Amino acid sequence: MMEIVKKLNKTKYNPRAYVVAEGDQNSIDRVMSIEHDKEQFKLYVITRSRKVHQSYTSSIFSTLKSTFDCIPLLLHSQPDLILCNGPSTCVPICAVAFLFKVLYINARVRIAFIESYCRVKSLSLSGWILLYFTDIFVVQWPEISKISRKVLYFGRLT
């Protein structure tokens, strides 16, 4: 994802907001390595939706908490574009953005999901969920593009 963000027109997509899950220091470090003007971006930390090996039952509660974290974030930032990929962190963000779109709180927002390059034969759980919420759904392998007419095959993006 960061390789794609590096290539964005920083003038057109300004200001930028990055959302990371709590405890994801690696993503925070990556954001800080590509962003040099602190006035041009914001970094938000939300509750992690699902930890590795967390049961699906208990992840319902952490995902709800994460979803509630996203409400004020999206109300305040009013994004035009949400660009996201595989991790479950993007599900609550996209769900809230979709709800805001339907309720005309932010009708102009576009949601673009890019499935991970490592997903060769099937979608991730996040992908299956977000297939119904996104405006653009991109995969990087032709086999997966046959899942739905909504899925766009772009090939390798980085």
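The shown structure was predicted, so the numbers you read here are calculated from the model rather than taken from an experiment. The first residue in the sequence is number 1, and the count goes up from there.
- Here the NZ atom belonging to Lys7 is positioned 11.5 Å from the CD1 atom belonging to Ile34, to the nearest 0.5 angstrom.
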| said: Could you go through Ile111 and Phe137, starting from their C-alpha distance and side-chain angles, then the distance that decides it, and tell me whether this counts as side-chain contact (heavy atoms from CB on, under 4.5 Å)? | reply: CA-CA 9 Å; Ile111 304 168; Phe137 192 101; over 6 Å; no

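- We find the CD-CG distance between Gln40 and Asn14 to be 4.0 Å, quoted to the nearest 0.5 Å.
- Between Ile114 and Met1, the shortest heavy-atom contact is CD1-CE, 4.4 Å.
- Using a 4.5 Å heavy-atom threshold, the side chains of Arg119 and Ile144 count as touching.
- Although no hydrogens or angles enter the test, the distance criterion places a donor-acceptor pair under 3.5 Å between the side chain of Ser62 and the main chain of Ser59.
- Residues Phe41 and Ile28 share a single hydrophobic cluster, defined by chaining ILVMFWY side chains whose heavy atoms lie under 4.5 Å apart.
- The distance from atom CZ of Phe68 to atom CD1 of Ile71, rounded to the nearest 0.5 Å, is 5.5 Å.
- Applying the side chain to side chain donor-acceptor pair (under 3.5 Å) test to Ser77 and every residue at least two apart in sequence or in another chain returns nothing.
- Heavy atoms only, all atoms of each residue included: Lys10 and Val5 are closest at NZ-O, 3.2 Å.
- Cluster membership check: Ile60 does not share its hydrophobic cluster with Leu130, using side-chain heavy-atom separations under 4.5 Å among Ile, Leu, Val, Met, Phe, Trp and Tyr.
- Under a 3.5 Å cut-off, the side chain of Lys101 and the backbone N or O of Arg108 do not form any donor-acceptor pair.
- Under the 4.5 Å side-chain contact rule for hydrophobic residues, Tyr56 and Ile129 share a cluster.
- With hydrogens and angles disregarded, a donor-acceptor distance shorter than 3.5 Å links the side chain of Gln78 to the backbone of Leu75.
- Leu152 places none of its side-chain heavy atoms less than 4.5 Å from the side chain of Val139.
- Take Lys51 and apply the side chain to side chain donor-acceptor pair (under 3.5 Å) test, not counting sequence neighbours, and it matches no residue.
- Other residues, nucleotides and ligands contribute only 12 or fewer heavy atoms inside 6.0 Å of the CD atom of Glu39.
- No donor-acceptor distance shorter than 3.5 angstrom exists from the side chain of Thr89 to the backbone of Val20, with no hydrogens or angles considered.
- With hydrogens and angles ignored, the 3.5 Å screen pairs no side-chain donor or acceptor of Thr134 with any backbone N or O of Ala112.
- With Leu74 as the fixed residue, the side-chain contact (heavy atoms from CB on, under 4.5 Å) test singles out one of Val19, Val109, Ile82, Leu99: Ile82.
- Residue Glu22 comes nearest to Val45 through the heavy atom pair CA-CG1, 3.5 Å, listed as atom of the first residue, atom of the second, then distance.
- Val31 is listed as a side-chain neighbour of Met2, based on a closest heavy-atom distance under 4.5 Å.
- Shortest non-hydrogen contact noted between Ser124 and Phe113 is OG-CZ, 4.3 Å.
- Legend: residues meeting side chain to side chain contact (heavy atoms under 4.5 Å, CB included) with Ser58, ordered by chain and number and at least two apart, are Gln54, Ser55.
- With contacts defined as side-chain heavy-atom distances shorter than 4.5 Å, the pair Glu115/Leu123 qualifies.
- Tracing side-chain contacts under 4.5 Å through hydrophobic residues (I, L, V, M, F, W, Y), one never reaches Leu8 starting from Tyr44; they form parts of separate clusters.
- Considering only heavy atoms from C-beta on, Arg50 stays 4.5 Å or farther from Leu125 through its side chain.
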| said: Please determine whether side-chain contact (heavy atoms from CB on, under 4.5 Å) holds for the pair Ile136 and Lys150, giving the CA-CA distance in whole Å, both sets of side-chain angles, and the decisive distance to 0.1 Å. | reply: CA-CA 8 Å; Ile136 299 169; Lys150 185 175 184 179; over 6 Å; no

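- Rounding to the nearest 0.5 Å gives a distance of 11.0 Å between CD of Glu143 and OG of Ser122.
- Note: Lys42 NZ to Leu73 CG = 10.5 Å, rounded to the nearest 0.5 Å.
- Atom CG of Asp69 sits about 11.0 Å away from atom OG1 of Thr63, to the nearest 0.5 Å.
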| task | Assess whether side-chain contact (heavy atoms from CB on, under 4.5 Å) is satisfied between Cys90 and Asn85, documenting all intermediate values. | result | CA-CA 7 Å; Cys90 67; Asn85 68 341; 6.0 Å; no

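- The shortest heavy-atom contact between Ile46 and Ser66 is CD1-OG, 3.4 Å.
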| request: Report the C-alpha separation of Cys84 and Ile93 in whole Å, then their side-chain angles, then the decisive distance to 0.1 Å, and conclude whether the side-chain contact (heavy atoms from CB on, under 4.5 Å) test is met. | output: CA-CA 9 Å; Cys84 58; Ile93 297 164; over 6 Å; no

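- With hydrogens and angles disregarded, no donor-acceptor distance shorter than 3.5 Å links the side chain of Asn106 to the backbone of Ala97.
- Every residue was checked against the side chain to side chain contact (heavy atoms under 4.5 Å, CB included) condition with Tyr132, not counting sequence neighbours, and none meets it.
- Sorted by first then second residue, the ring pair (Phe, Tyr, Trp, His ring centres under 6.0 Å) pairs that include residues 90-111, not counting sequence neighbours, are Phe98-Phe133.
- For Ser145 against Tyr153, the heavy-atom pair with the smallest separation is CB-CB, 3.7 Å.
- Every residue meeting the side chain to side chain donor-acceptor pair (under 3.5 Å) condition with Glu35, not counting sequence neighbours, appears here in chain and number order: Arg16, Tyr18.
- Under the 3.5 Å distance criterion, the side-chain polar atoms of Ser33 are matched with a main-chain donor or acceptor of Arg30.
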